[in-house]
There are 2 protein chains.
Amino acid sequence: MPRLDDVARAAGVSKATASRALSGADGVSPATRTKVQRVADELGFRASGAARRLATGLTRTIGVLTPSVDRWYFGSVLHGIAHAADLHEHDVLLYDLGAFGHGGHEKFERFMRRGEVDGLVTITWSLVGGDLTRLAELGIPVATVGEPTPHTRSFCLDDDAAGAQATEHLVQLGHTDLLHIASQTEVQPFDASSSDRRKRAFEAVSAEHGLRMRPVRTVPTTLEGAHAVALHFLDRPDRPTGIVAGTDEVALGVMLAAHQLGIRVPEELSVVGVDDVPSAAPFGLTTIRQDPAQHGEDVVAWIMGAMRSRGRRGGDASQPDRSHTGYAPELVVRASTAPPRP
Amino acid sequence: MPRLDDVARAAGVSKATASRALSGADGVSPATRTKVQRVADELGFRASGAARRLATGLTRTIGVLTPSVDRWYFGSVLHGIAHAADLHEHDVLLYDLGAFGHGGHEKFERFMRRGEVDGLVTITWSLVGGDLTRLAELGIPVATVGEPTPHTRSFCLDDDAAGAQATEHLVQLGHTDLLHIASQTEVQPFDASSSDRRKRAFEAVSAEHGLRMRPVRTVPTTLEGAHAVALHFLDRPDRPTGIVAGTDEVALGVMLAAHQLGIRVPEELSVVGVDDVPSAAPFGLTTIRQDPAQHGEDVVAWIMGAMRSRGRRGGDASQPDRSHTGYAPELVVRASTAPPRP
DNA sequence: CTGAAAGCGCTTACAG
DNA sequence: CTGAAAGCGCTTACAG
């Protein structure tokens, strides 16, 4: 593996000049730059990342802390992050924390001990407020996607609007007897999780329109979990005419249970979800769309900007940016919702 | 941020001793070690990874090259990798290559240019043989999960056995008219992709039992893609009595299409998949189970072992291990398969 | 525009 | 068991 020194020697310049020529720094004559670059290519030179890190203090890496990678939302955010990081020539270091309390916290501590990154994004649900505070004190840009938080910059769907929009869609269709099925949050990070905010929006709209107030059901946050529970509480004559599910997975599980119980959707039961996962369309699920991959791209763009401004002002100059971006929900009407039957 | 030097001074020892005490190297008196550790804790010392990398040449990082993170198989493998890497105190660097030809190759080149890892796992479909050869020459342990390959160590489901088992299950039930629906492989990396091998096994079993030979259909590898295509070719009187789908996503898409066309499963159509995704159970899908997270854990375990033996023998001593591990498939019978109606 | 030199913060023979 | 010193391979003031 050739070193910078080899390139410099072969090009007949000093290490300093070779370094500048290769890094694109200015103050190098065009001729010299071209020559150094050619020699570097010929030799197959690849600068040592470790040496560069040590010299510059920059890792060119952004860290991701997530509770899961094998679920649609998290995978999509991660995809967006990876894509955007690549555009900025940054690597992504993945910390898959797993469920909180199931080894997640030890993994978090390990990150604190040895994770070396220039910027960090945490995908919600794995962290509590105290953790986020510690991260925010790391001296690097930190952002959260999936939940608004007072401790860091944050990005996510406007859950209040999403919950309201889903509920209002059914009210508009004429429903007066609705049930909200919330998906379980494994950890309660801040004052209100996404799930909580969607629930409250449902309740507010229900109250506003004077709907029958049924107690909210909370189910596991997977299709199979929601399905198992729905099989029980749907199988009774006094069931509602419409269901607002906290997520598409839950909605799909409910639809499947309804189908298996011989309850026709939407004739006898309307169902609306939140997410617009890829399988929502073939199942004809009416839902509220969000685009997590876009959120992932946006969070990286913000981190890159924040890194630049910190660099410029030499550190802890101004207050860190802890603003929140809420994405507007978009109702997608399909075949799972209709007016209630008289 | 305190440096090793600060710890050493505060503990009244040299940097060398402090380093040895902290790293757990032997040749340090117990008293000294304890003292150094205590001082390090008090000061909140965290060794610089960059400096350590430069001095040792080890990154304590393993790289993952994958075509996707937001699909069940890839997410699960990644989850297993992350978990096992954590156990070994290694970080994971994620390269989400995306579909080959859609920017995937440029990302691969970027990895070759600046990815610094001690071991590498590539999850199939994103790489072609030439790429794998280059990776194998990197001088670090490289393994592939998802496809057997001659270029590296590899791990995956025994696709031949899986395809045969699925087909034989339907034959055993009495079916003689089957259709295989294969999922599309975006790139054809080696001589036979998973999809190809499942297909060939289907054909071999069909021939062996003298079944009607229908041409294999190939569909997109998502539920929604398979669903759209199945809507067309299922809607005809001469449809088969049983379908062997290349994956659960495809099988689920087919079941949904059948349902929408008024074809009852399993009374009029049996369907079997491969994977056992979480939603297979609630949908009652008969399938061939595999456990990708386990494959991810195994591949990391192998990498750790390979790193140790390279270290021991100082480099390119013996031939690199390019063996293959095929996992035995496991048939899970549910409600989507039954004897054909007379 | 270019170069000599110091420095980033560790680890590890080598000597004692 | 411990320490002084060299070395890992870059970058970046500083001087010219």
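All values derive from a computational prediction rather than experimental measurement. By convention in this document, chain letters (A, B, ...) are assigned in the order of the sequence lines, proteins followed by strands, and residues within each chain are numbered from 1.
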### Message
Below 4.0 angstrom, which residues in residues 17-42 of chain A have at least one non-hydrogen atom near DNA chain D?
### Response
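Within residues 17-42 of chain A, the residues near DNA chain D are A:Ser19, A:Arg20.
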### Summary
Symbol by symbol from the 5' end, with Watson-Crick or G-U pairs under 3.5 Å, [ ] crossing and | another strand, DNA chain C is |||.||||||||.|||
### Nucleotide range of DNA chain C lying under 4.0 Å from chain A heavy atoms
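Contact span on the strand: C:dC1 to C:dG9.
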#### Entry: Those residues that, when tested against B:Asp96, pass side-chain hydrogen bond (donor to acceptor under 3.5 Å, both in side chains) (two or more places apart)
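In terms of side-chain hydrogen bond (donor to acceptor under 3.5 Å, both in side chains), with neighbours along the sequence ignored, B:Asp96 is linked to A:His79.
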### Query
Who pairs with A:Thr59 by side-chain hydrogen bond (donor to acceptor under 3.5 Å, both in side chains), at least two apart in sequence or on another chain?
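Applying side-chain hydrogen bond (donor to acceptor under 3.5 Å, both in side chains) to A:Thr59 gives A:Asp118.
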### Query
For DNA chain D, whose closest nucleotide is more 5', that of B:Ala51 or that of B:Ser14?
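With B:Ala51 and B:Ser14 compared, the 5'-side residue is B:Ser14.
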### Message
Need to verify one output field. Residue with the more 5' nearest nucleotide on DNA chain C, B:Thr56 or A:Gly12?
### Response
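The answer here is A:Gly12.
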#### Entry: C1' atoms of D:dT12 and D:dG16, separation to the nearest Å
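Those two atoms are separated by 16 Å.
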### Query
So is A:Arg114 actually on top of A:Phe111's ring, under 6.0 Å and inside 45° of the axis?
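Not flagged: A:Arg114 not positioned over aromatic ring of A:Phe111.
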What I'd like to find out is whether the side chain of [X] reaches to under 4.5 Å of the side chain of [Y], using heavy atoms alone.
| X | Y | result |
| --- | --- | --- |
| B:Glu89 | B:Arg60 | yes |
| B:Leu120 | B:Leu135 | yes |
| B:Leu22 | B:Phe45 | yes |

### Task
Evaluate the criterion side chain to side chain contact (heavy atoms under 4.5 Å, CB included) for residue pair B:Leu93 and A:Leu94; output intermediate values, then yes/no.
CA-CA 6 Å; B:Leu93 201 55; A:Leu94 177 69; over 6 Å; no
#### Entry: Backbone of A:Gly49 reached by a side-chain donor or acceptor of B:Glu116 within 3.5 Å
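Present.
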#### Entry: Sidechain-backbone polar pair: A:Thr56 side chain, A:Arg52 backbone, donor-acceptor under 3.5 Å
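A pair under 3.5 Å: yes.
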### Task
Please identify each residue that fulfils ring pair (Phe, Tyr, Trp, His ring centres under 6.0 Å) with A:Tyr327, with sequence neighbours left out.
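Ring pair (Phe, Tyr, Trp, His ring centres under 6.0 Å) check on A:Tyr327 returns A:His295.
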